[in-house]
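Working notes, beginning with the structure itself.
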Amino acid sequence: MPYVVTDNCIKCKFTDCVEVCPVDCFYEGENMLVIHPDECIDCGVCEPECPAEAIKPDTEPGLEKWLKLNAEYAEKWPNITVRKDAPADAADFDGVANKLETHFSAAPGEGD
């Protein structure tokens, strides 16, 4: 039962979560993070660290597409293990609806 990053991370991309992850299972895209489901040990320490509340346990209803997206992009994007500054406009995008359809980028981030 891994945790997954959901749509509110898109364009917010706070990285507070990566600092506390004991197994370094976060991967960085251009404008969001994902969790590798095969590496996540379900410890849950990342969930309360996310200011955007974008990290959820995959047992919550309706998160199947997010588990798939996290698994897909964790294989493509570079690993991130250190906190970085959030985008300057992150607060403007916190809570915006339909970010997957309107703002998601499949481009990789920089990683560590």
Side-chain angles (χ1 to χ4, degrees):
M1 178 180 79
Y3 280 75
V4 296
V5 180
T6 62
D7 62 336
N8 206 40
C9 184
I10 300 169
K11 298 284 281 182
C12 288
K13 196 175 149 184
F14 296 105
T15 56
D16 304 59
C17 53
V18 303
E19 278 190 320
V20 299
C21 181
V23 294
D24 299 334
C25 66
F26 281 88
Y27 292 81
E28 183 183 17
E30 179 180 41
N31 67 4
M32 79 172 291
L33 304 175
V34 294
I35 296 172
H36 195 302
D38 294 334
E39 296 174 2
C40 178
I41 60 171
D42 191 33
C43 67
V45 297
C46 59
E47 184 180 20
E49 296 299 318
C50 180
E53 298 181 357
I55 300 174
K56 307 287 182 194
D58 77 334
T59 55
E60 285 191 16
L63 296 182
E64 296 81 12
K65 74 176 179 182
W66 290 105
L67 181 59
K68 183 178 177 183
L69 185 139
N70 277 242
E72 177 182 349
Y73 287 97
E75 293 293 332
K76 298 176 181 179
W77 292 346
N79 189 240
I80 180 171
T81 61
V82 295
R83 186 180 180 281
K84 298 178 180 180
D85 291 336
D89 60 352
D92 297 337
F93 285 95
D94 190 6
V96 170
N98 302 315
K99 289 200 280 184
L100 180 62
E101 295 79 15
T102 58
H103 297 293
F104 175 75
S105 170
E110 296 176 8
D112 288 347

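Please read these numbers as outputs of a predicted model, since none were measured by experiment. For the single chain, residues carry numbers from 1 onward in sequence order.
Annotation: Glu110, atom CD; neighbour count of heavy atoms from other residues, nucleotides and ligands within 6.0 Å does not exceed 12. Within a 6.0 Å radius of CG in Asp89, more than 12 heavy atoms belonging to other residues, nucleotides or ligands are found.
Of the possible donor and acceptor atoms, none in the side chain of Asn70 sits under 3.5 Å from a partner among the backbone N and O of Val34. Of the possible polar contacts, none joining the Trp77 side chain to the Gly111 backbone as a donor-acceptor pair under 3.5 Å is found. Between the Thr6 side chain and the Ile55 main chain, no donor and acceptor come within less than 3.5 Å of each other. Of the possible polar contacts, none joining the Asp58 side chain to the Leu67 backbone as a donor-acceptor pair under 3.5 Å is found. No donor-acceptor distance shorter than 3.5 angstrom exists from the side chain of Lys84 to the backbone of Asp16, with no hydrogens or angles considered. Judged by distance alone, the side chain of Asp7 and the main-chain N or O of Leu100 form no donor-acceptor pair under 3.5 Å.
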key: Pair Lys65-Val4, side chain to side chain contact (heavy atoms under 4.5 Å, CB included): steps then yes or no   = CA-CA 10 Å; Lys65 74 176 179 182; Val4 296; over 6 Å; no
request  = Could you please spell out the steps behind the side chain to side chain contact (heavy atoms under 4.5 Å, CB included) verdict for Tyr3 and Lys56?
outcome  = CA-CA 5 Å; Tyr3 280 75; Lys56 307 287 182 194; 5.8 Å; no
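A salt bridge between Lys13 and Glu30 is absent, with no side-chain N of the basic residue lying under 4.0 Å from a carboxylate O of the acidic one. Salt bridge Glu72/Lys76: present, at least one basic N to carboxylate O contact under 4.0 Å.
In this structure, Asn31 and Ser105 have side chains that are in contact, with non-hydrogen atoms separated by less than 4.5 Å. In this structure, the side chains of Ile80 and Leu33 come closer than 4.5 Å at one or more pairs of heavy atoms. When side chains are defined from C-beta on, Cys12 counts as touching Lys99, because their heavy atoms get closer than 4.5 Å.
Taking CD1 from Ile35 and CZ from Phe26, the interatomic distance works out to 3.5 Å, rounded to the nearest 0.5 Å.
Side-chain contact check for Thr81 and Asp112: at least one donor-acceptor pair (N or O, by modelled atom type) lies under 3.5 Å.
Two rings, from Tyr73 and Phe104, have their centers less than 6.0 Å apart.
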